[in-house]
Amino acid sequence: MNTAPDTNTTSGDGAAGTIRIALAGIGKIARDQHIPHLAANSRFALVAAVTSHTPPEGVPGYRTIAEMMQAVPDVQAISICTPPRGRLALIEEALSHGLDVMIEKPPAATLSEAEDFVRLARDAGRVLFTTWHSREAAGVEPARAWLAERTIRRVQVTWKEDVRVWHPGQAWIWEPGIGVFDPGINALSVITHILPRPLLLQEAALRFPSNRPAPIAADLSFTDTAGIPVEVAFDFDQRGPQTWDIDVETDRGNLKLSMGASKMYVDGVEQDVGDEPEYARLYRRFADLLDRRESDVDLSPFRHVADAFLLGRRTEVGAFEE
Ligand code: NAP
């Protein structure tokens, strides 16, 4: 967490006013989550979009941030939903126009890019929120509190989904880059938040389809700094039911986070954690950061992905078929 100097208010009428926000990149996640949750949040007014295709209904669209700022100069913040590659230039442009910035996960194409825009936002005195939507899942904070009072013995993460369902026809997901870690980083964002000690990667195995330059599956072995084992299995080729589970064995019971941490079980018994959607909480948090003029930047899940590529043994597997 770092703090930006207070050089802006979130509205012309004080910290609790309406925040005039733009969306950049009107693709699957913008349409599935950002647009409906912005519409449902009275703190925000979606006043413009930066898009090379179709803007959300009733919202004016512009090809660039500069064009948008000329037409709608009172935009205060932008939420960036483009793929990670190319975000640095967008963020730089947003900051140069005095905008506060929220970005989708994963933060960037490389660690150096992410570190660069963190520095740029700090120097510009703007709020930067590098989001981790899975950290907002309903079971995450209850799990963190439950684990804080126990001694952890081992952790198993199983995060397996079908890329065809979640990234239909998206070319960028298979470009050189993180591949299966695009969903896997969601699990890493949860375990880096709920576990009490930092993680250290010990071994990694990355599996690359013969016809794609990004991994389709990965197995990671971490220990935490006290030596507790944390085993992780990621797969992007899971047909049928999808699996987004985290199992934690402790000295006093077993915790399970399931369905992307939206459900929590203790010794097999479901706990009441509520059902507030991740993106409702994300935008509530962004409004709060804007009111406080604070940035929220944690690159640790992304650093673990980079470590996997540093240490990982690579094998080639069968061709990926759409
Ligand atoms: P997507 O459907 O491909 O949409 C991305 C949008 O970004 C495009 O529609 C396009 O918007 C714009 N864009 C700019 N440069 C692009 C490029 N080089 N290639 C493709 N699109 C480009 O992707 P998405 O699934 O929404 O994912 C976007 C981000 O959200 C990723 O970081 C992803 O990890 C994250 N995310 C995705 C999901 C999911 O379920 N898919 C869930 C959570 C988070 P315009 O047409 O408006 O120009």
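As the structure lists them, so they are numbered: ligands from 1, and atoms in each ligand from 1. Remember, predicted model here, so these are calculated numbers, not experimental data.
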With distance as the sole test, does Arg87 use its side chain to make a donor-acceptor pair with the main-chain N or O of Thr82 at under 3.5 Å? yes
Whether Arg144 side chain and His193 backbone form a donor-acceptor pair below 3.5 Å: yes
Given Trp244 and Trp166, is the ring-ring contact (aromatic ring centres under 6.0 Å, His included) satisfied, shown in steps? CA-CA 13 Å; Trp244 300 289; Trp166 302 100; 5.7 Å; yes
Quick test of your reading of the model: are Asp251 and Arg150 salt-bridged, counting only N-O distances below 4.0 Å? no
Tell me the residues surrounding ligand 1, counting only those with a heavy atom closer than 4.0 angstrom, sorted by chain and number. Gly25, Ile26, Gly27, Lys28, Ile29, Thr51, Ser52, His53, Cys81, Thr82, Pro83, Pro84, Arg87, Glu104, Lys105, Pro106, His133, Trp166, His167, Gln170, Trp172, Asp182, Tyr279
Would you say the side-chain atoms of Glu231 and Ser221 include a donor-acceptor pair closer than 3.5 Å? yes
Could you tell me whether Arg207 and Asp219 have a side-chain N and a carboxylate O separated by less than 4.0 Å? yes
